[in-house]
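Quick notes on the structure that follows.
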There are 2 protein chains.
Amino acid sequence: MTSKATSIDIAYRAGVSQSTVSRALRNSPLVNLETRQRIQAIAKEMNYKVDKNASNLRTQNSLTLALLICEDPTNDDSMINPFFLSMLGSITRATARQGYDLLVSFQQLSSDWHADYEDSNKADGIILLGYGDYVDYAHKLETLIEKNTHFVIWGAEHNNKAVLSIGCDNHQGGYIATEHLLSLGHKKIAFLGDSSSHSPEFRDRYLGHVEALNKADIQADEQLQHDAFNTEASGYEAANALLDSSVPFEAIFTASDLIAIGAIRALKKRGVLVPEHIAVVGYDDIPVASFANPALTTVKQDTQFAGEILVESVLKQIRGEEVSQQLLKTSLVVRNSCGANID
Amino acid sequence: MTSKATSIDIAYRAGVSQSTVSRALRNSPLVNLETRQRIQAIAKEMNYKVDKNASNLRTQNSLTLALLICEDPTNDDSMINPFFLSMLGSITRATARQGYDLLVSFQQLSSDWHADYEDSNKADGIILLGYGDYVDYAHKLETLIEKNTHFVIWGAEHNNKAVLSIGCDNHQGGYIATEHLLSLGHKKIAFLGDSSSHSPEFRDRYLGHVEALNKADIQADEQLQHDAFNTEASGYEAANALLDSSVPFEAIFTASDLIAIGAIRALKKRGVLVPEHIAVVGYDDIPVASFANPALTTVKQDTQFAGEILVESVLKQIRGEEVSQQLLKTSLVVRNSCGANID
DNA sequence: CTGAAAGCGCTTACAG
DNA sequence: CTGAAAGCGCTTACAG
């Protein structure tokens, strides 16, 4: 294998200086159009590609974004939150569209993401996904801010205004889900999902749920709220706890689709029909939601758009432009589990 | 924000030369142990990180792997093959464990991956996922080989021995699925999935299916094979075509779980019960499989292990070590859709 | 064990 | 419009 072509090789072939080659390849108007085209043609013919390390070193940027997916480490990869996986798709595409590369990593044991990515010049900015637990992770965020890291975090609004967060309006999502259930005539609506400050997103969904209830002059019954984190198994358990409590209920709103699927399994096992006996509404609209049985009515977060906004926001931040926290609207996808349509 | 520390800053603080700092940070035994530790301590204290672009430029490698997920472009990210997503998880972890970074990208329009990744020094090697269609893509693979690219491709064995492919033994997978169905007393077993050479993986599954049939002295009935590609909708259509054909059958083996889920939906819609009337076995064991209703009996590919092997293989190739094609064993996960367990 | 120096392949002020 | 030259921040042969 003959060794890689450099700009000097191109220069030699084109009979110009290396500087001119460099300019021509960046399509600089300083270079005579004809010369420019000739050089570009030669470069293409020789399969020449600018050495990324050299150009990055010189310009002191990397044209790369790092995506950090923060989840509790498990041995089982199938446990990765399917919602993040959808985001990954749109983030990857949006990054490519902007001419950047994407470095992907799962939660790092590392204590210092800033050093790992920006100081090493591996990435110009960081996108944090699933960084939900502001209590446990507050310290890490502090470090990022302190070092002036360019980063966006997906999730609930952060009380520190220096943190650029982008997320769906979880409060609104919880509100429309419960509003829908109320419109179907249900009054005793259970909520399955952690409502503590360790899960700010779930908590906001819960708060929206409560607000919808209140607006209909219904008191939220805390006996109808059961903690669950974002897995099918946890939803299964929470539904069982709810059933065991013998507190009557007509509908369940879950903080995620995974919880909903687990809850439905628990209900079925006890002979409770969904939606005939109990209506269920989930949250996320992960791909599985439409294949579930019954197909899940759920609150959809527009991952396509979210990915674009996330990427655009870090890039703006990198360019020193003004950026601000954003809350994206959610929408309700009505399928069968709520009983609005019986197929 | 004070500008980034360089090795020269560390050298100044430590009272040694920059070369010594560089050696100390790479933990070279050439440097006096005490000095080495002192320098490392200072570097840590100053949050110093070696500039990746500079070191890569100097050493002419990138310590980065590129993962290319090749799928037909869709606007809907949810369509990304869930199987690849599981692989992504294990590949990411395996890469990190080896001290490499991972660049992720979806199918490129680009004509020359070699130039895009290796010539630009962005990555030392490439992992190709979902590069199933050897007919349409043969040309691209030729280019990669011609340029001596370091790459592995996930999938069926390739007839060009220069292509390093790693994949599950699809033939064996198809065999055990059908063998299981036969052991449950079924004889008329339909196959849903493309069996042409455009889908070498599906085709091998089909061939394994046929072999199991033959071993039981059953002729494969081509009227029981219907093409389907890897989506729920396609499975739905294929099952409808099968039902419309009025050719009797007792069981269905599908080339993927997504196809199985679509097929089950079609069956249900016509009042056909699974597994009471028709037994179904899928392929992949994607996360959804266990949540499906009924829970899918399916052929499991060990994505955890596969990811590790894939990463290890490119790295070996990069280091110039001997590597060879590998076929990983699959295993059958018996759940409810086959009728072996009725819950 | 340590230092001075070359050089990886670019980009970009500076001079013409 | 073009070229000669400096320099980005490292690593590593070379010399001591």
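Per chain, numbering begins at 1; letters A, B, ... match sequence-line order. Computed from heavy atoms alone, side chains included, the values below leave out hydrogens, waters and symmetry copies.
At a threshold of 4.0 angstrom between heavy atoms, the contacts of B:S55 are confined to the sugar-phosphate backbone, with no base atom among them. Among the protein residues, A:R23 comes within range of the nucleic acid bases, having at least one heavy atom under 4.0 Å from a base atom. Nucleic acid contact for B:S19: base, since at least one base atom lies under 4.0 Å from a heavy atom of the residue. Residue-level contact check: B:S7 touches the backbone only, with heavy atoms under 4.0 Å from sugar-phosphate atoms and none from bases. If you check every strand for non-hydrogen atoms under 4.0 Å, B:T6 touches sugar and phosphate atoms only.
Applying side chain to side chain contact (heavy atoms under 4.5 Å, CB included) to A:F151 and the options A:L164, A:L68, A:I145 leaves one that passes, A:I145.
Once rounded to the nearest 0.5 Å, the distance linking CD1 of B:I10 with OG1 of B:T20 reads 13.0 Å. Note that CG of B:L144 and NE2 of B:H114 are 8.5 Å apart. Values are rounded to the nearest 0.5 Å.
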- Query: Where do A:K122 and A:D116 land on the salt bridge (Lys or Arg N to Asp or Glu O under 4.0 Å) test, with the steps shown first?
  - Reply: CA-CA 8 Å; A:K122 281 185 192 174; A:D116 284 347; over 6 Å; no
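Of all nucleotides in DNA chain D, those with any atom nearer than 4.0 Å to a heavy atom of chain A start and finish, going 5' to 3', at D:dC1 to D:dG9.
Comparing B:N32 and A:D51, the nucleotide of DNA chain C nearest to each residue sits closer to the 5' end for B:N32. Where B:V16 and A:R58 meet DNA chain C, the nucleotide closest to each residue was compared, and B:V16 sits on the side nearer the 5' end. Toward the 5' end of DNA chain D, the nearer of the two residues B:L57 and B:T20, judged by each one's closest nucleotide, is B:L57.
A salt bridge is defined here as a Lys NZ or Arg NE, NH1 or NH2 lying under 4.0 Å from an Asp or Glu carboxylate O, and A:K147 with A:D119 fails to meet this definition. Between B:D51 and B:K4 no salt bridge is recorded (no basic side-chain N to carboxylate O distance below 4.0 Å).
C:dA4 makes up no base pair with any nucleotide shown, lacking Watson-Crick or G-U wobble contacts both under 3.5 Å. Nucleotide D:dA13 forms a pair with no other nucleotide shown, judged by Watson-Crick or G-U wobble geometry with both contacts under 3.5 Å.
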